[in-house]
Amino acid sequence: MSQEVMLPQGWEARWDPQSNAYVYVEQSTGRSQWEAPTQPSYGSTNPSVSPAPQPSSTHHRPGRRQYPTAQIQQVYGGGGYDTQPQQPIAAPGYPDQQQQQQQPQYFTPGFGGADPAQQQQPAYGASPAPAYGGPAPVPAYGQQQPGYPGQQPVDQMANQFQQMNIGHGGGKQLHQIQTVNLIGMQPDVTGLDAPPPPYLLPPNAAVTASPHIQPDPSYQRCTLTSMPTTQSLLNKSKLPLALVMAPYRSYRGEVDGDDPVPVVEDSVIARCRRCRAYINPFVTFIEGGNRWKCCMCGLSNEVPQLFDWNQAENKPADRWSRKELNHSVVEFIAPTEYMVRPPQPPVYAFVIDVSQQAIQSGMVAVAARTILESLDNIPNADNRTKVAIIAVSTSLHFFSLPADATEASMLVVSDLSDVFLPKPVDLLVNLTESRPAIESLLGKLSDMFQDSHTVGNALGSGLQAAHQLIGKIGGKIIALTATLPTLGEGALKARDDPKLLGTSKESSLLNAASSFYKTFAIECSKQQVAVDMFLFSTNYTDVATLSCLPRYTAGQTYLYPGFNASRSEDAIKFATEFGKVLAMPMGLEAVIRVRATRGIRMSAFHGNFFIRSTDLLALPVVPTDQNYVIELQLEDDIKGSFVVLQTAILHTTCYGERRIRVITQAMPTTDSISELYGSADQVAIATYLTNKAVERSMSHSLDDARNTITKNLSDMLAVYKNQVTSSSGGASAQLAVPENLKLLPLLCCGLVKHVGLREGASIPPDLRAYAQCLLTTLPCQSLVPYIHPRFYSLHNMPNEAGNINSETGQMVLPPALNLTSERLERHGLFLIEDSQNMFIWVGHEAVPRLIQDVFGLNDYGELQGGKSTLPLLDNPFSQRVNNIIAKTRELRRGVYRPHVYVVKSDAEPALRSWALSLLIEDRMDHMSSYAQYLTTVKNKVSHLIRLFELMR
């Protein structure tokens, strides 16, 4: 039987599992002792005492493992904590941590359990994780994340907090702000690959010290790595607050060293009862580990009974090792309550233009051959995948593909106004069961329409037919068209009036010409149907209108201008990209919701999806490597020391599992405007400005879009100079920016000169509209080079460039150059790439040996410019150049395979001008150089500074 000792006022008993005994702590001083106290704490006026528990094997609730919890009080409504530092236990014989060995814990889930009297408490002093609520060391700026340290007793950790002056507002880490002057300084373009400023969280932010508690920036990043405490502070700073995310980004372990997303397979999903947030590394465990406190709303929730149980091995599990407490990005295998119907199979409905232009260009032949060669790569592990094929010209051509047939039969429907299915079965078939008929059809599809001379295209009617076929299941419609849809539903007319180009009315060409496609896209989204558009044409295709379908159904648009399969480069590019799209693992019938600490609201959304409710994004398909931007606002003041943002993507894998991908990100709070600027992420801000500019170009004009970018940049730099730097005078020869934003003006300059936004009357509307599709969907890893291309000198590159580094195992690229023609040499060889195209620039005085080694020709005169495939020759230099091109293609996330263009420096003015337009630091047509752009920004900043002074 245990005995009770009455404790004087001001004392507290704490169980120490290492010594299997209670330690008594004086709350006012933190002093601790082993013997039960008999005198009240100093300063206590109440002589009443409270009973102190004594060691007993029956003290804890049976069937539940007890965990040490830090004495931490959470501030409701925020993510911050206040700690009460305690002195370390200094008693003779206190066991050394490293000598402790964890004792077996007997635990039976559910009812019953082992006899409590027989249970032993494990020695958690030797556990590889810190006590709950313990510190998660955060590195200072530029320091490496420390390893996963051993667990320390709670009192020792609290003492460390006290020594570091943490817990009562002191000792907060701040970003080191260094001001640089951009005027006259050449930008260091290597900084574009630098990581964002670190998230300097307080040491008590996470329950574990795992190095994976923050997501990789390729998954999710914020324009600021510190959260302002008030909306007024955010408004005053002029800095944007937005999340930039690619939650379903591709896994490339060999290329980028990506870690696979950890999967929680036991279906134990702990969620807050009030805000529905998922348990994560930033929660707090209380009441001996039996409950956890939500880091977003502060509600106390019960820990699920099976949270500490290894169901696979039927034995107790170590809570510290649970993936959701150690990783910011995890996937849960969802139980049946997360499903409204059985998991849908992958479904692909191909709508293929077979008009005369499509046949003659070779599009149909390449598409059919690529589908045929990709049948084994289409996700079909459980043999549930379904396929349908519809050919479209002036009529709709359906194909019956019975499971027991080796040949397909064609059924033609000529009524385009009231589309119907000519047969109730065998039009949408199981890929495995109908494989012979599908292969037979794809092998002769192009030949079936070889003699056709029809010039019409009823794409809209074909899309309606595909929707009728797969609407009850959901899936993806893949439309391939080589001509403008001119018949049936959604018929369009050419509207590319050259007189509108370069005028304020040009923005009308960037908006949809017909409401049919947006209305149809919304209907598709409701039925869990996504649409991908593959557009091929030498003439106007109205990309702006047709891209509505992917925009509202979470699909993607692909454009192949001037496509001709007789050019091997065109055929290879399309076949490669189309094959990757078909083989792409995708999430089905998905929804995305972002939750945040109380006081933070999602205010606007950018990307390819349909907004089902105020904060719920509907995606019939979640494609890999597609980017989204979500703007944030502060409704209430933030009280805590840090906040938490959590993105949840509920989806069905193409293998039939319902899963929830959860991305959790924590940010420290600040009431300092200088700290906001020190935490600004230039790549995330550029991504945000890109989306806002594209939106502005469609709602107002291209000129407004460009002005918006420059105005936002000038506003930010004016506030920085006025509020952060010591010099805030009016006119100045300097343009002051924080070190971490020194390349933002360069990115803004590249953005206003980008083909999607630049001034000029020579850009075809289709190319501009397609560029805007890419600007709003490319992940940061591809968007940055799309705005600011990469420029390499090949003829004099270092010896290690183009070879494998023996230590890292990675291909070494040449040093990146500034984007100016001053770097070009008459005898040189250069590579310029923007993630969509590559240009091999050859100087007209290039020596014959260089031409021979790279192109296999005798001299410069034999070299032909234009679209090309670089030969792989039997010499080291050729192999190095080809390695660099292959590595550059590999670096860009996504399915795109950039064309290679050979540009002779003294020939083909159009191609030469195209390549030179990527050198954004130079003056081009009516657009200013980078130096001139900086002067424009500096003048705007000076004007704003004078206005600030007048308002004082």
Side-chain angles (χ1 to χ4, degrees), residues 184-192 746 749-750 753 785 788-803 811-835 837-873 875-888 898-925 927-932:
M185 185 184 78
Q186 192 172 56
D188 179 12
V189 296
T190 59
L192 292 170
L746 181 63
C749 178
K753 299 172 76 169
H788 181 279
R790 299 302 164 92
F791 184 23
Y792 303 114
S793 175
L794 301 180
H795 64 284
N796 58 356
M797 58 183 170
N799 292 332
E800 62 270 16
N803 293 315
M811 183 67 60
V812 179
L813 292 175
L817 304 178
N818 288 89
L819 292 172
T820 171
S821 56
E822 295 176 359
R823 297 287 187 171
L824 294 174
E825 300 175 8
R826 292 175 296 177
H827 60 275
L829 183 74
F830 299 86
L831 172 65
I832 313 171
E833 70 91 18
D834 68 352
S835 83
N837 295 289
M838 295 185 177
F839 298 91
I840 302 291
W841 180 280
V842 188
H844 62 276
E845 294 184 7
V847 297
R849 175 65 183 274
L850 179 64
I851 303 299
Q852 292 169 7
D853 285 350
V854 177
F855 302 101
L857 303 173
N858 292 324
D859 55 36
Y860 179 84
E862 295 183 8
L863 184 62
Q864 295 293 321
K867 200 177 295 181
S868 178
T869 300
L870 209 62
L872 180 59
L873 305 176
N875 68 77
F877 190 75
S878 172
Q879 294 168 3
R880 290 169 64 196
V881 171
N882 276 274
N883 288 343
I884 290 170
I885 291 175
K887 178 62 176 179
T888 303
H899 272 311
V900 173
Y901 293 88
V902 174
V903 184
K904 300 179 68 173
S905 64
D906 61 352
E908 298 165 355
L911 183 60
R912 184 174 180 273
S913 296
W914 184 13
L916 290 176
S917 71
L918 301 185
L919 303 181
I920 62 171
E921 292 186 35
D922 291 340
R923 181 178 173 83
M924 177 178 58
D925 296 335
M927 291 169 286
S928 59
S929 67
Y930 175 58
Q932 292 170 326

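All of these numbers come straight from a predicted model, not from anything done at the bench. Counting from 1, the numbers follow the sequence of the chain as shown. Computed from heavy atoms alone, side chains included, the values below leave out hydrogens, waters and symmetry copies.
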**OP:** Evaluate whether atom CD of Glu800 has more than 12 neighbouring non-hydrogen atoms of other residues, nucleotides or ligands under 6.0 angstrom away.
**Re:** yes
**OP:** Specify the closest pair of heavy atoms between Ile884 and Leu813, including all atoms of both residues, with the distance to one decimal.
**Re:** CG2-CD2, 3.9 Å
Original post:
Which heavy-atom pair separates Pro898 from Ser835 by the least distance, and what is that distance?
Top reply: CG-O, 3.6 Å
Original post:
Say you draw a straight line from CG of Asp922 to CZ of Arg823; how long is it, rounded to the nearest 0.5 Å?
Top reply: 11.5 Å
Original post:
Would Ile920 and Leu746 count as a side-chain contact (heavy atoms from CB on, under 4.5 Å) if you check the C-alpha gap in whole Å, the side-chain angles of each, and the deciding distance to 0.1 Å?
Top reply: CA-CA 9 Å; Ile920 62 171; Leu746 181 63; 4.3 Å; yes
Original post:
Can you tell me how far the CG atom of Leu817 sits from the OG1 atom of Thr190, to the nearest 0.5 Å?
Top reply: 11.5 Å
Original post:
What distance separates Ile885 CD1 from Leu794 CG, expressed to the nearest 0.5 Å?
Top reply: 7.5 Å
Original post:
Does any N or O in the side chain of Lys904 come within less than 3.5 Å of the main-chain N or O of Tyr860, such that one atom is a donor and the other an acceptor?
Top reply: yes
Original post:
Mind checking whether His788 and Leu819 have side chains closer than 4.5 Å, heavy atoms only?
Top reply: yes
**OP:** Could you tell me which residues satisfy side-chain hydrogen bond (donor to acceptor under 3.5 Å, both in side chains) with Asp859, sequence neighbours excluded, listed by chain and number?
**Re:** none
**OP:** Kindly compute the distance separating CG (Asn882) from CG (Leu872), expressed to the nearest 0.5 Å.
**Re:** 5.0 Å
Run the side-chain donor-acceptor check on residues 839-852: report pairs under 3.5 Å with partners two or more places apart or on a different chain.
from: His844; atom 1: ND1; to: Ser905; atom 2: OG; distance (Å): 3.2
from: Arg849; atom 1: NE; to: Asp853; atom 2: OD1; distance (Å): 3.4
from: Arg849; atom 1: NE; to: Asp853; atom 2: OD2; distance (Å): 3.1
from: Gln852; atom 1: NE2; to: Asn858; atom 2: O; distance (Å): 3.4

Original post:
If you take all heavy atoms of Val881 and Met797, which pair is closest and at what distance?
Top reply: CG2-CE, 4.3 Å
Subject >> Ala915 versus Val903, closest heavy-atom pair with distance >> reply: CB-CG2, 4.1 Å
**OP:** Output the distance between atom SG (Cys749) and atom CE (Met927), rounded to the nearest 0.5 Å.
**Re:** 9.5 Å
Original post:
Would you say the side chain of Glu921 lies within less than 4.5 Å of the side chain of Pro187, judging by non-hydrogen atoms?
Top reply: yes
Original post:
Would you find a donor on one side and an acceptor on the other, under 3.5 Å apart, between the side chain of Lys753 and the backbone of Ser928?
Top reply: yes
Subject >> Inter-residue atom distance Leu919.CG - Glu822.CD, 0.5 Å rounding >> reply: 10.5 Å
Subject >> Flag, side chain of Ser929 to backbone of Gln932, donor-acceptor distance under 3.5 Å >> reply: yes
Original post:
Is there a donor-acceptor contact under 3.5 Å from the side chain of Arg790 to the main chain of Ala816?
Top reply: no
Original post:
Are the side chain of Lys887 and the backbone N or O of Met811 linked by a donor-acceptor pair below 3.5 Å?
Top reply: no
Original post:
Between Arg880 and Ala801, which heavy-atom pair has the shortest distance, and what is it?
Top reply: NE-O, 2.8 Å
**OP:** List for me each residue that meets ring pair (Phe, Tyr, Trp, His ring centres under 6.0 Å) alongside Phe830, sequence neighbours excluded, and say none if there are none.
**Re:** Phe791, His795
Subject >> Exercise: identify the closest heavy-atom pair between Leu873 and Ser878 >> reply: N-OG, 2.9 Å
Original post:
So, does Asn818 use its side chain to make a donor-acceptor pair with the main chain of Thr820 at under 3.5 Å?
Top reply: no
